[in-house]
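Here is the structure we will look at.
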Amino acid sequence: IVEEAGELTESMLSCILPSSLKRMILIGDYQQLRPKVEHELTFDPCNYDVSLFEKLVVNAKKQRAECLFTLSVQRRMHPQISALIRNVFYNEGKEQINDAESTNNLGIPFGIPYRVRFYMHNFEESKISSRSHANPQEAKFCASLVPFFICRGYKPEDITIISLYKGQMFLIQREIDKLYDQCRKSSSSKMYDPFGSIRSPRQIKVVVLDNFQGEENKVIIVSLTRSDRPGFVKNRNRALVTLSRAREMLVVLGNERVFGKENKIKENEQWRKISDAASHLSPFAMSKPDCEGLVVNKCIIHKPNSANIPS
């Protein structure tokens, strides 16, 4: 029995099979991250990043083979989040995703009425090497969202920030360090700790997407980073993994020119479709660059006549 079979190259899987093998069960999602190989080996005629699992599944679908079984019930995401995945990635063909009844009982942060938030900004990236990128303003925004969610009831371990680039990951970590130090020096932190009593800011999980396959968390914050082109996340498999890690709250930060539903970049139909689908989930799912931040409910104590009205 091989788990996450879609992440193994054909040679890696073949070399571990014993001569006495009688039956093999491969489990995985061929539409998510492919095996990690050198970039040059992902093109014709090599295509080393196509797993044996993917080849077998595609062939079985063509032949309508009885050996192919599809798991159709998801137990991770709240239905508001899975609706985005369903509408974009599983709206064609026979493959469908249904929500387990238990997903309706997942929590939501206090004062936040909707679970999917796209913040489309106009922040510019800064190229730090030939293969990595960073976006300073987006990194600051990501860091500020950590105490934002902790103050609304989440624990530090419930939050994960996903970056597409190592350069952005390191920059976000540094911004969290700065924010943590500022809070520790502030007198207000004696009344309430906006970082949840953690001993080190590095306890906040900031990861690169390729190292988060198969993982999940209650709150996922995605930093798309780029401001000139979509980069890695243009790939359908990467986009699917990026958007399907959250259980209760998904926040996506990206440049409107590149990732917005009206972007003019060629061969970026994928993100036009994603942003368009997100904008239809709720009236406040898509924030524009002129918006100061995420929409939250007005306080019913200080504004008693405006309960449940987003502000």
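Residue indices begin at 1 and follow the sequence shown.
The closest side-chain heavy-atom distance from Pro147 to Cys183 is not below 4.5 Å. Using a 4.5 Å heavy-atom cutoff, the side chains of Ser51 and Leu8 are not in contact. Contact annotation: the side chain of Ile97 approaches that of Gln74 to within less than 4.5 Å [non-hydrogen atoms, C-beta and beyond]. Counting heavy atoms from C-beta outward, Met77 and Ser244 have side chains that approach closer than 4.5 Å. A heavy-atom distance below 4.5 Å is found between the side chains of Phe259 and Pro230. For the pair Tyr114/Ile108, no side-chain contact is recorded, criterion being any heavy-atom separation below 4.5 Å from C-beta on. When side chains are defined from C-beta on, Asn135 does not count as touching Phe141, because their heavy atoms never get closer than 4.5 Å. In this structure, the side chains of Ile162 and Ile221 stay at 4.5 Å or more apart for every pair of heavy atoms.
With sequence neighbours excluded, no residue forms a ring pair (Phe, Tyr, Trp, His ring centres under 6.0 Å) with Phe170. For Lys264, the side-chain hydrogen bond (donor to acceptor under 3.5 Å, both in side chains) test picks out no residue, with sequence neighbours left out. Applying the side-chain hydrogen bond (donor to acceptor under 3.5 Å, both in side chains) test to Ser275 and every residue at least two apart in sequence or in another chain returns nothing. In this structure, the ring pair (Phe, Tyr, Trp, His ring centres under 6.0 Å) partners of Phe123, at least two apart in sequence or on a different chain, are His121. Among residues two or more places apart in sequence or in another chain, the side chain to side chain contact (heavy atoms under 4.5 Å, CB included) test is passed with Ile16 by Leu13. Evaluation of the side-chain hydrogen bond (donor to acceptor under 3.5 Å, both in side chains) rule for Ser102 yields no partner, not counting sequence neighbours.
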Determine, step by step, whether Ile172 and Ser223 satisfy the side chain to side chain contact (heavy atoms under 4.5 Å, CB included) criterion, reporting the C-alpha distance in whole Å, the side-chain angles of both residues, the deciding distance to 0.1 Å, and the verdict. CA-CA 9 Å; Ile172 293 172; Ser223 175; 4.0 Å; yes
Worked check of side chain to side chain contact (heavy atoms under 4.5 Å, CB included) between Leu253 and Cys142: CA-CA 8 Å; Leu253 284 76; Cys142 287; 4.1 Å; yes
Decide yes or no on side chain to side chain contact (heavy atoms under 4.5 Å, CB included) for Ile274 and Val252, but give the supporting numbers first. CA-CA 11 Å; Ile274 291 171; Val252 180; over 6 Å; no
Could you please spell out the steps behind the side chain to side chain contact (heavy atoms under 4.5 Å, CB included) verdict for Asn217 and Arg247? CA-CA 6 Å; Asn217 212 341; Arg247 289 177 53 78; over 6 Å; no
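Cluster annotation: Leu33 is not connected to Leu56 through the hydrophobic network of ILVMFWY side chains, with a link wherever side-chain heavy atoms come within less than 4.5 Å. In this structure, Leu179 is a member of the same hydrophobic cluster as Ile198, with clusters built from ILVMFWY side-chain heavy atoms closer than 4.5 Å. Clustering ILVMFWY residues whenever any of their side-chain heavy atoms sit less than 4.5 angstrom apart, transitively, puts Val207 in a cluster other than the one holding Leu171. Leu224 and Ile265 fall within a single hydrophobic cluster, where Ile, Leu, Val, Met, Phe, Trp and Tyr side chains are chained together by heavy-atom contacts under 4.5 Å. Follow the hydrophobic side-chain contacts under 4.5 Å out from Leu71 and you never reach Val57; the two are in separate clusters.
The CG atom of Leu52 sits 6.5 Å away from the CG atom of Leu26 when rounded to the nearest 0.5 Å. Atom-to-atom distance recorded for Lys140:NZ and Arg174:CZ is 12.0 Å, nearest 0.5 angstrom. For the atom pair CD1 (Ile204) and OG1 (Thr160), the distance works out to 9.0 Å, reported to the nearest 0.5 Å. Taken to the nearest 0.5 Å, the CD atom of Gln80 stands 10.5 Å off from the CG atom of Leu106. A distance of 9.0 Å separates CE in Met169 from OG in Ser132, rounded to the nearest 0.5 Å. Rounded to the nearest 0.5 angstrom, Met249 CE and Ile112 CD1 are separated by 5.0 Å.
Side-chain atoms of Arg245 come within 3.5 Å of backbone N or O of Glu215 as a donor-acceptor pair. Within the 3.5 Å criterion, the main-chain N or O of Val233 finds a donor-acceptor partner in the side chain of Trp271. Within the 3.5 Å criterion, the main-chain N or O of Asn237 finds a donor-acceptor partner in the side chain of Asn235.
Minimum heavy-atom separation, Ile150 to Pro156: CD1-CG, 4.0 Å. The heavy-atom pair separating Glu138 from Thr225 by the smallest distance is OE2-N, 2.8 Å. Across all non-hydrogen atoms, the minimal contact from Arg75 to Ala100 is CG-CB, 3.5 Å. In plain terms, the two heavy atoms of Phe53 and Gly28 that are nearest each other are CZ-O, 3.5 Å. Between His78 and Thr103, the closest heavy-atom pair is CD2-O, 3.3 Å. Taking every heavy atom of both residues into account, Gln168 and Ala139 meet most closely at NE2-N, 3.7 Å.
Listed by first then second residue, pairs satisfying salt bridge (charged side-chain N to carboxylate O under 4.0 Å, His left out) with a partner in residues 10-19 read Glu10-Lys55, not counting sequence neighbours. Annotation: salt bridge (charged side-chain N to carboxylate O under 4.0 Å, His left out) contacts involving residues 147-171, sequence neighbours excluded, are absent. Contacts classified as ring-ring contact (aromatic ring centres under 6.0 Å, His included) and involving residues 199-256 (residues at least two apart or in different chains) are given here: Tyr165-Phe232. Counting only residues at least two apart or in different chains, salt bridge (charged side-chain N to carboxylate O under 4.0 Å, His left out) contacts with residues 98-114 comprise Arg86-Asp99. Residue pairs satisfying the salt bridge (charged side-chain N to carboxylate O under 4.0 Å, His left out) criterion with at least one member in residues 196-211, sequence neighbours excluded, are listed as follows: Asp177-Arg202, Asp210-Arg238.
In this structure, the ring of Tyr180 has its center less than 6.0 angstrom from the ring center of Phe195.
By the 4.0 Å N-to-carboxylate-O rule, Arg115 lies too far from Glu248 to be salt-bridged with it. Under a 4.0 Å N-O distance rule, the pair Glu216/Arg76 qualifies as a salt bridge.
Each of Glu256, Gln137, Glu124 was evaluated against Ser227; a single residue qualifies, Glu124, per the side-chain hydrogen bond (donor to acceptor under 3.5 Å, both in side chains) test. Considering Glu4, Glu54, Glu7 as possible partners of Arg34, the one that fulfils the salt bridge (Lys or Arg N to Asp or Glu O under 4.0 Å) test is Glu54. Only one option out of Arg257, Arg229, Arg272 pairs with Asn263 in a side-chain contact (heavy atoms from CB on, under 4.5 Å); it is Arg272.
Listed by chain and number, the hydrophobic cluster partners of Ile27 are Ile1, Ile25, where partners are ILVMFWY side chains within reach of under 4.5 Å, directly or through others.
No hydrogens or angles considered: a donor-acceptor pair under 3.5 Å links the side chains of Ser11 and Thr9.
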